[in-house]
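In each ligand, atom 1 is the first atom listed, and ligand 1 is the first ligand listed.
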Amino acid sequence: MEEKIKEIAKILLNSRYAIALTGAGVSTESGIPDFRGPDGLWIKNPELERKEYEIYEKFLLDPRGYWIDVMEERRIFGGIENAMPNPSHYALAELEKMNIIKYIITQNIDNLHQKAGSKNVIDFHGNISRLRCIKCGNVYDIKEFDIQRILNEGKVPSCKKCSFPLKLDVVYFNEPIPRDVYKKALSEVIECDVMIVAGTSAEVYPAAEFPRIAKNKSNPAKIIEINAEETSLTREGISDYFIKGKTGKILPQIVDEIKKMK
Ligand code: APR
């Protein structure tokens, strides 16, 4: 393991344009459950996953009903907005400060990379602290809206530019990734020469395609996978390096090794 950490540290130190793709696994050590790991939400509660496939259509057909559900869910489950970053997030933020990680593409909606200090973050599946207008593309800080008061007045949060009902800026199943977000992420994948893939089962597309695109482009990138268990990326040989373990332990070790080498 130590040898592999050293090798990976050297690759990152010598990289021209390294990026990271992260998933729910980097936030489990912040107390947010993942989806498909051994204790994953969908594994433990398949019914919950099935319901997730209905939310986007509900928003399109009944925005008020959608918002009532959102507020109810927040009241029952509490918001992930109170969660705090863990060493996984801080390590990636430090790699950005060292100008090694140029961008993070995250599938997480929890805003924890930003809370840890990362500046260049693409929220590929959205961000819980924002609202989005799917008609004109405008995005708002959720704090701009007193949602419960708006609902009590019999209305729904609406776009200040085009008045279309707003939704949480999270991408639900069956909902397309916003074009600007997809284009930005793809351009980073095309540009990178090294990609850290951390804490993702790599089963949800289009994000799961990114390591494959990076690996199979004319100037292939080196794929460094860090996960608690093997994934399709490991099994298909997409990953050039695979470290099995917790990202909150391994990513800081890589940072420490880089510091020793500098
Ligand atoms: N360190 C390393 N790996 C971890 C850790 C940890 N601390 N905790 C969990 N894992 C691993 C799990 O074993 C699993 O393989 O992280 C992976 C998380 O995979 P998923 O739960 O499938 O999460 P993710 O890949 O981000 O899911 C993609 O699916 O449900 C949708 O929109 C949701 O963005 C999400 C998308």
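Nearest non-hydrogen protein atom to atom 16 (O) of ligand 1 is Asn227 OD1, 3.2 Å. Protein heavy atom at the shortest distance from atom 8 (N) of ligand 1 is Thr28 OG1, 2.8 Å. The nearest heavy-atom contact from the protein to atom 14 (C) of ligand 1 is Glu229 OE2, 3.5 Å. For atom 23 (O) of ligand 1, the closest non-hydrogen atom of the protein is Ala24 CB, 3.5 Å. At the top of the distance list for atom 31 (C) of ligand 1, counting protein heavy atoms only, stands Arg36 NH2, 3.5 Å. In terms of protein heavy-atom proximity, atom 12 (C) of ligand 1 is nearest to Asp34 OD2, 3.4 Å. For atom 32 (O) of ligand 1, the nearest protein heavy atom (residue, atom name, distance) is His125 ND1, 3.6 Å. Regarding atom 25 (O) of ligand 1, its nearest protein heavy-atom neighbour is Thr200 OG1, 2.6 Å.
By the 30° and 60° cut-offs, the orientation of the rings of His89 relative to His113 is perpendicular. Note: Phe145 and Tyr140 have perpendicular aromatic rings, judged against thresholds of 30 and 60 degrees for the angle between ring planes.
Within the cation-pi definition used here (under 6.0 Å to the ring centroid, within 45° of the axis), Lys115 does not qualify as a partner of Tyr90. A cation-pi geometry, defined here as NZ or CZ lying under 6.0 Å from the six-membered ring centre and within 45° of its normal, holds between Lys184 and Tyr103.
Taking the six-membered ring for Trp and the full ring otherwise, the centers of Tyr172 and Tyr53 sit at least 6.0 Å from each other.
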Item to complete: For Asn152 and Gln148, run side-chain hydrogen bond (donor to acceptor under 3.5 Å, both in side chains): C-alpha distance rounded to whole Å, both residues' side-chain angles, the deciding distance at 0.1 Å, then the answer.
Response: CA-CA 6 Å; Asn152 295 347; Gln148 196 52 58; 3.0 Å; yes
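The closest approach between any non-hydrogen atom of Gly199 and ligand 1 is below 4.0 Å. Residue-ligand proximity: Thr247 is placed with a non-hydrogen atom under 4.0 Å from ligand 1. Within the 4.0 Å heavy-atom cutoff, Ala207 does not count among the residues contacting ligand 1. The closest approach between Glu203 and ligand 1 stays at or above 4.0 Å for every heavy atom of the residue.
Listed by number with element, the atoms of ligand 1 under 4.0 angstrom from any heavy atom of Gly23 are 26 (O). Counting atoms of ligand 1 from 1 in the listed order, those under 4.0 Å from a heavy atom of Trp42 are 30 (O). Close approach to Gln107 involves these atoms of ligand 1, each under 4.0 Å from a residue heavy atom: 28 (C), 34 (O).
In terms of N/O distances under 3.5 Å, ligand 1 is not approached by Phe173. Where the criterion is an N or O separation shorter than 3.5 Å, residue side chain and backbone included, Gly25 meets it with respect to ligand 1. Remark: ligand 1 and Pro38 share no N or O pair separated by less than 3.5 Å (distance only, no angle test).
Atoms CZ and OH, from Phe59 and Tyr66 in turn, are 6.5 Å apart once rounded to the nearest 0.5 Å. With values rounded to the nearest 0.5 angstrom, Asn108 atom CG is found 11.5 Å from Ile128 atom CD1. Atom CD1 of Ile254 is separated from atom NZ of Lys259 by 13.0 Å, given to the nearest 0.5 angstrom. The structure places OG of Ser239 at 9.0 Å from CD of Glu230, a figure rounded to the nearest 0.5 Å.
A salt bridge links Arg212 with Glu236: at least one charged nitrogen is closer than 4.0 Å to a carboxylate oxygen.
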